[in-house]
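Every value quoted in this text rests on a predicted model; they were computed, and no experiment measured them. Every chain is numbered from 1, with letters handed out A, B, ... down the list of sequences.
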Amino acid sequence: MAVQPPQPPNGMRDHLPEDYRERLALADRIRGIYAKYGYAPIETPALEKVEVLRGSDPENEKLMFEVLKRGEKLEEAKGAGEGLSDLALRFDLTLPLARFYAANRAKLPPIFRCQHIGPVWRADRPQKGRFREFMQCDVDVVGSASPALEAEVILATAEVFRTLLGEGFRVHLNDRRLLTAFLNQAGIPDEKHPTALIALDKLDKIQEEGVRKELAERGIPEAQSAALLAALQAPGDLAKLHPEAAAAMASIQKLTEGQAKVVFDPHLVRGQGYYTGPIFEVRMAEFSGAMAGGGRYDGLIGRFLGTPVPAVGFSIGFERLLLVLKEKNVPLAAGGSPQVFVPLTEAALQERAFALGAALRAKGLNVVVQPEPGKLVAQLKTADEVLGIPFAALLEADGKVVIKHLKTRTSGQPLSVEDAAEDLGKRFSA
RNA sequence: GUGGUUGUAGCUCAGUUGGUUAGAGCGCGAGAUUGUGGAUCUCGAGGUCGCGGGUUCGAAUCCCGUCAGCCACCCCA
């Protein structure tokens with residue numbers, strides 16, 4: 001090792017072929033399921049103007065990778081003591097979607113359903129299931145406040161999990177308005193709401209006693225936290241607390257009944273500050289955090305457009321889903337790998353090897369042709385063990401082709417090029 | 001952002017209380033043998049022990065820093 005090759009940045013990864021084929025296969029499966037619900041694919045840039053991403057939540061701004069202004073603008077900003085960055089990498093897909101909708105509204109249908117899959121970046125410290133560059137898979141519906149759409153995005157998301165992992169997951173459901181009502185009822189002042197919510201969210205992890213302790217540490221008086229926890233323990237009549245939220249949740253549960261396990265969880269909070277109504281998360285025993293998260297954000301698009309437009313979305317954590325799929329050894333059909341290897345033992349046969357490769361490709365096969373002559377043994381070994389190619393097409397001296405199955409090391413009868421191509425083509429056409 | 005832990009050949013790992021030229025298996029290369037099909041045998045290449053400082057007569061080993069991986073916290077997908 002003469003030099004130390006540079007590694008990817010902290011928390012970001014290279015994806016080798018085997019790994020990447022799985023990622024493509026998983027993304028395809030998800031796209032296909034989203035498409036069943038009529039969600040049209042869109043893409044938005046990795047970078048957004050900082051002001052688009054800013055202002056939703058101060059917590060997010062710490063996680064934002066910002067991009068320096070360029071050239072004279074940078075020097076001016078330094079001189080004037082202004083902000084040095086004007087762009088930033090997106091840290092989720094919801095803010096870019098809101099911006100996208102506001103910018104393209106005229107060309108979009110009154111109720112716009114879309115799927116949005118791509119990488120996002122957060123300057124977090126990496127750990128299990130957490131990266132600084134990772135994929136999210138969002139479905140969003142813009143243009144209607146109907147809780148039927150919460151039900152719809154939940155069903156689409158649940159179908160992804162059910163298809164790939166079976167029934168071992170639950171959708172937790174709550175409503176931001178309800179949480180606020182609970183906090184108000186317990187006498188907790190508005191300015192303490194955010195800090196109190198963070199503590200509430202941890203019930204799973206630290207139990208009720210832990211939450212009580214943490215609320216105290218966050219400056220919530222004992223009487224208030226006791227009232228809050230008691231209310232969450234026995235929520236009583238939600239309709240009295242917040243009629244709209246209660247009605248929305250009832251509707252969501254009715255429309256998803258029998259198709260997804262949706263459970264009311266009064267402790268569910270969700271981090272993003274832009275949620276305004278129902279919020280939801282996919283959880284499963286195999287992972288301690290959320291596998292997917294979403295909710296209604298009726299105020300976000302209005303920030304860019306001036307007039308409010310209701311919207312709801314659900315985002316799958318692609319990396320976490322992939323992590324669980326791998327832990328459970330769920331196979332992902334990974335297409336696109338080479339199917340036939342054409343060895344080359346003598347330089348004089350190169351043209352014929354190329355022609356054989358072309359004939360096989362014409363049948364739709366993925367073919368690797370050996371570029372320079374070498375020992376047949378070594379070529380077949382590499383093809384089988386390193387490249388994982390199932391078949392070899394061996395050129396015989398008389399111009400015939402022998403098909404060999406590399407794993408079993410069994411050869412067929414010599415065939416003409418056409419017959420061999422036909423034969424191999426059939427083996428992969430199923 | 002905080003804390004813990006790991007880093008030795010392309011890969012998986014050994015390396016004693018600090019002590020000469022740092023090892024193995026697999027892989028790689030050459031040769032022999034084999035029926036030009038993966039075997040077997042012989043030989044060989046490949047490491048500034050993540051990087052940078054420090055302690056010491058002497059550091060892969062001890063200390064500090066740094067980078068990267070993993071784990072937890074914070075927060076989140």
Side-chain angles (χ1 to χ4, degrees), chain A residues 1-14 16 30 56-64 90-94 116-139 157 160-161 169 194-195 197-199 201-202 204-206 210 214 217-218 268-273 275 279-284 287-295 313-324 341 343-346 349 373-386 392 394-397 402 404-411:
Chain A
M1 199 181 355
V3 291
Q4 283 252 326
Q7 297 299 119
N10 185 356
M12 307 194 187
R13 299 160 296 163
D14 291 324
L16 274 62
I30 295 171
S56 65
D57 192 332
E59 195 64 40
N60 286 329
E61 296 185 22
K62 291 193 291 187
L63 300 176
M64 213 154 72
R90 62 189 180 197
F91 53 81
D92 73 8
L93 296 175
T94 305
H116 194 188
I117 295 180
V120 303
W121 293 265
R122 292 184 195 173
D124 232 341
R125 193 121 151 218
Q127 64 178 70
K128 186 174 187 186
R130 190 161 88 182
F131 305 94
R132 301 182 97 170
E133 176 180 62
F134 62 100
M135 295 272 287
Q136 287 193 328
C137 309
D138 281 38
V139 277
T157 301
V160 170
F161 282 89
F169 69 94
T195 186
L197 287 173
I198 289 169
D201 201 15
K202 295 187 190 173
D204 272 11
K205 232 172 221 175
I206 59 179
E214 186 152 340
E217 283 162 10
R218 289 170 183 273
L268 177 68
V269 173
R270 305 278 320 131
Q272 301 302 336
Y275 291 125
I279 48 180
F280 25 87
E281 251 178 37
V282 172
R283 299 216 190 136
M284 50 198 308
F287 190 82
S288 67
M291 299 288 296
F314 209 164
S315 177
I316 295 177
F318 183 87
E319 315 297 341
R320 292 177 177 182
L321 177 54
L322 193 59
L323 186 82
V324 173
F341 175 67
L344 183 65
T345 49
E346 297 169 48
L349 294 175
K375 282 190 181 172
L376 184 62
V377 194
Q379 292 180 32
L380 294 177
K381 186 173 175 174
T382 303
D384 180 25
E385 293 175 10
V386 182
L394 284 73
L395 271 173
E396 301 284 289
V402 169
K404 175 158 181 130
H405 188 243
L406 293 173
K407 275 276 176 299
T408 57
R409 301 182 198 182
T410 51
S411 310

Q | Between CZ on residue A:Phe161 and CZ on residue A:Arg283, distance to nearest 0.5 Å | A | 12.5 Å

Q: Return the value, rounded to whole Å, for the distance between atom CG of A:Asp124 and atom C1' of B:rA77.
A: 10 Å

Q: With the side chain of A:Arg122 defined as its heavy atoms from C-beta on, choose the nearest nucleotide among B:rC76, B:rG69, B:rC73.
A: B:rC76

Q.
Would you measure the distance from the P atom in B:rU5 across to the matching atom in B:rU21 and give it in whole Å?
A. 32 Å

Q.
Work out how far the P atom of B:rC76 is from that of B:rG7, and round it to whole angstrom.
A. 34 Å

(Q) Using the C1' atom as the point on both nucleotides, what is the distance between B:rU34 and B:rC41, in whole Å? (A) 11 Å

Q | Whole-angstrom distance between B:rG65 and B:rG4, as gauged at atom P | A | 10 Å

Q. Between CG of A:Leu394 and CD of A:Gln379, what distance do you get to the nearest 0.5 Å?
A. 9.5 Å

When you compare the protein's N or O atoms with those of nucleotides 3-5 of chain B, which come within less than 3.5 Å of each other, and at what distance?
| residue | atom | partner | partner atom | Å |
| --- | --- | --- | --- | --- |
| B:rG3 | O6 | A:Arg125 | NH2 | 3.2 |

Q: Please name the pair of heavy atoms, one in A:Leu93 and one in A:Gly118, separated by the smallest distance, quoted to 0.1 Å.
A: CD1-N, 4.0 Å

Q.
Measuring only the C1' atom in each nucleotide, how far is B:rC73 from B:rU12? A whole number of Å is fine.
A. 32 Å

Q) For RNA chain B, which consecutive runs of 3 or more Watson-Crick or G-U pairs (each distance under 3.5 Å) count as stems? A) B:1-7 with B:67-73, B:10-13 with B:23-26, B:28-32 with B:40-44, B:50-54 with B:62-66

Q. Starting at CZ of A:Phe287 and ending at C1' of B:rC71, how long is that distance when rounded to a whole Å?
A. 12 Å

**Q.** Atom P, compared across B:rG18 and B:rC28: separation rounded to whole Å
**A.** 39 Å

Q.
Going by salt bridge (charged side-chain N to carboxylate O under 4.0 Å, His left out), name the residues that satisfy it together with A:Arg270, two or more places apart in sequence or in a different chain.
A. A:Glu281

Q: Provide, to the nearest angstrom, the distance between the CG atom belonging to A:Leu323 and the C1' atom belonging to B:rC76.
A: 15 Å

Q: Write down the distance separating the C1' atoms in B:rU8 and B:rG50, rounded off to the nearest Å.
A: 10 Å

Q.
Rounded to the nearest 0.5 Å, what separates atom CE in A:Met12 from atom CZ in A:Arg132?
A. 6.5 Å

Q) Within the pair A:Arg320 and B:rC76, is there a side-chain N or O less than 4.0 Å away from OP1 or OP2? A) no

Q.
Expected output is a numbered-order residue list: members of residues 128-137 of chain A with a heavy atom under 4.0 Å from any atom of RNA chain B. What is it?
A. A:Lys128, A:Gly129, A:Arg130, A:Phe131, A:Phe134, A:Gln136

Q. OP1 or OP2 of B:rC75 sitting under 4.0 Å from any side-chain N/O of A:Lys202?
A. yes

Q) Rounded to the Å, how far apart are A:His116 NE2 and B:rA77 P? A) 16 Å

Q) From the list B:rA72, B:rA77, B:rG38, which nucleotide is the closest neighbour of the side chain of A:Lys381? A) B:rG38

Q: Could you pick out which residue, A:Gly11 or A:Gly317, lies toward the 5' side of RNA chain B when each is mapped onto its nearest nucleotide?
A: A:Gly11

**Q.** Whole angstrom value for the distance that separates P of B:rG1 from CD of A:Gln127
**A.** 15 Å

Q: Write down the atom of A:Glu319, the atom of A:Met135, and the distance for their closest heavy-atom approach.
A: OE2-N, 2.8 Å

Q) Once you round it to whole Å, what is the distance between P of B:rA77 and CG of A:Leu63? A) 10 Å

Q: Could I get the full list of salt bridge (charged side-chain N to carboxylate O under 4.0 Å, His left out) partners for A:Lys381, not counting sequence neighbours?
A: none

(Q) Once salt bridge (charged side-chain N to carboxylate O under 4.0 Å, His left out) is applied, do any residues pair with A:Glu214, and if so which ones, sequence neighbours excluded? (A) A:Lys202, A:Arg218

Q: Respond yes when some side-chain nitrogen or oxygen of A:Asn10 is under 4.0 Å from OP1 or OP2 of B:rG69, and no when none is.
A: yes

Q | Pairwise P distance for B:rC63 and B:rU6, with rounding to whole Å | A | 11 Å

Q.
In whole Å, I'd like the distance from the CG atom of A:Asp384 to the C1' atom of B:rG38.
A. 9 Å

Q. What nucleotide among B:rA68, B:rC76, B:rC75 has an atom nearest to a side-chain atom of A:Ile198?
A. B:rC75

Q: Would you kindly give the CG-to-P distance between A:Leu93 and B:rC76, to the nearest whole Å?
A: 17 Å

